[in-house]
Amino acid sequence: MVLKLMKKNHPLVSSYGKYVAKVMHFNTITKDDIEEEIQKHCTAKASDVQLVTRELYATIIRHLQDGDRVEIPNMGIMKLEAKCTPVDSPEEFDQRKHIKSFSLHFIPKSKKGKPEMYQGIHISRVIK
């Protein structure tokens, strides 16, 4: 993992003028890459992985849209959250007008409050 130090330049944020580390993303791993990698590590063929991932995706989406939380074993829990404009009273709320977007939240599986997926991260360099 490579980090780049970025200066916060927006005067309205509390960290204005300070530096924060941002992860640099150099590659995008596609579904084909994942299928090939899994095929190399087990007896499933890429076509088997493709079938399962397609069905898994459709099932997860259906449950998220129904308002369910979805737990993926050994990874964590996903859920959708609504981003809304505040209103003064419940009677004023109009979903078409006040819901601006939805976002996916992922809560990694953890032991004693420490997410397992963050253990063993190796930072190869920091760009200043």
Side-chain angles (χ1 to χ4, degrees):
M1 178 182 295
V2 176
L3 302 177
K4 183 174 184 177
L5 294 177
M6 307 284 288
K7 188 173 185 176
K8 293 291 213 164
N9 291 321
H10 196 287
L12 298 178
V13 297
S14 61
S15 56
Y16 174 70
K18 298 188 180 195
Y19 289 84
V20 295
K22 297 287 185 180
V23 175
M24 302 298 296
H25 304 281
F26 299 106
N27 299 308
T28 299
I29 305 303
T30 67
K31 73 170 191 64
D32 292 339
D33 297 329
I34 291 169
E35 291 163 6
E36 288 298 319
E37 192 170 332
I38 291 172
Q39 180 175 265
K40 288 178 185 176
H41 291 98
C42 69
T43 59
K45 299 288 182 211
S47 59
D48 299 328
V49 176
Q50 184 180 36
L51 173 67
V52 172
T53 55
R54 186 183 309 126
E55 289 304 315
L56 178 63
Y57 176 77
T59 302
I60 288 171
I61 294 301
R62 184 176 61 253
H63 283 284
L64 290 172
Q65 290 176 345
D66 286 345
D68 299 331
R69 289 184 303 265
V70 178
E71 181 178 0
I72 304 296
N74 302 314
M75 286 187 66
I77 296 173
M78 291 183 269
K79 63 181 180 173
L80 288 178
E81 295 288 346
K83 293 185 180 185
C84 303
T85 303
V87 294
D88 292 326
S89 69
E91 295 77 27
E92 292 180 45
F93 185 78
D94 178 346
Q95 66 183 16
R96 292 178 305 262
K97 181 178 174 184
H98 295 107
I99 295 176
K100 298 302 178 191
S101 64
F102 291 92
S103 60
L104 178 67
H105 286 229
F106 178 73
I107 302 130
K109 178 184 173 190
S110 65
K111 285 187 180 175
K112 298 181 182 176
K114 295 183 179 182
E116 293 175 7
M117 70 172 35
Y118 301 157
Q119 305 303 314
I121 292 176
H122 173 72
I123 298 170
S124 62
R125 64 187 168 126
V126 177
I127 301 171
K128 297 179 183 179

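Along the sequence shown, the residues carry numbers beginning at 1.
Between D33 and T28, the shortest heavy-atom contact is OD2-O, 3.9 Å. When every heavy atom of M24 is checked against every heavy atom of I127, the shortest pair comes out as CG-CD1, 4.5 Å. Between M117 and F106, the shortest heavy-atom contact is CE-CE2, 3.7 Å. Between P108 and P115, the shortest heavy-atom contact is CB-CB, 3.8 Å. Here the closest heavy-atom approach between residue G17 and residue K7 is recorded as O-CE, 3.5 Å.
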For this session: Give the intermediate values and the outcome of side chain to side chain contact (heavy atoms under 4.5 Å, CB included) for residues H98 and V87.
Result: CA-CA 8 Å; H98 295 107; V87 294; 3.3 Å; yes
Problem set entry | CA sep, side-chain torsions, deciding dist, call: E35, K31, salt bridge (Lys or Arg N to Asp or Glu O under 4.0 Å) | CA-CA 6 Å; E35 291 163 6; K31 73 170 191 64; 3.5 Å; yes
Problem set entry | Test log, rule side chain to side chain contact (heavy atoms under 4.5 Å, CB included), inputs I77 and V70 | CA-CA 5 Å; I77 296 173; V70 178; over 6 Å; no
Problem set entry | Derivation of the side chain to side chain contact (heavy atoms under 4.5 Å, CB included) call for Q39 and K45 | CA-CA 5 Å; Q39 180 175 265; K45 299 288 182 211; 3.9 Å; yes
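Transitive grouping of hydrophobic side chains (ILVMFWY, heavy atoms separated by less than 4.5 Å) brings V126 and I121 into a common cluster. There is no path of hydrophobic side-chain contacts, each under 4.5 Å, that joins F102 to L64.
At least one side-chain heavy atom of L104 sits under 4.5 Å from a side-chain heavy atom of L80.
Listed by chain and residue number, K79, S103, H105 satisfy the side chain to side chain contact (heavy atoms under 4.5 Å, CB included) test with E81 (two or more places apart in sequence, or in another chain).
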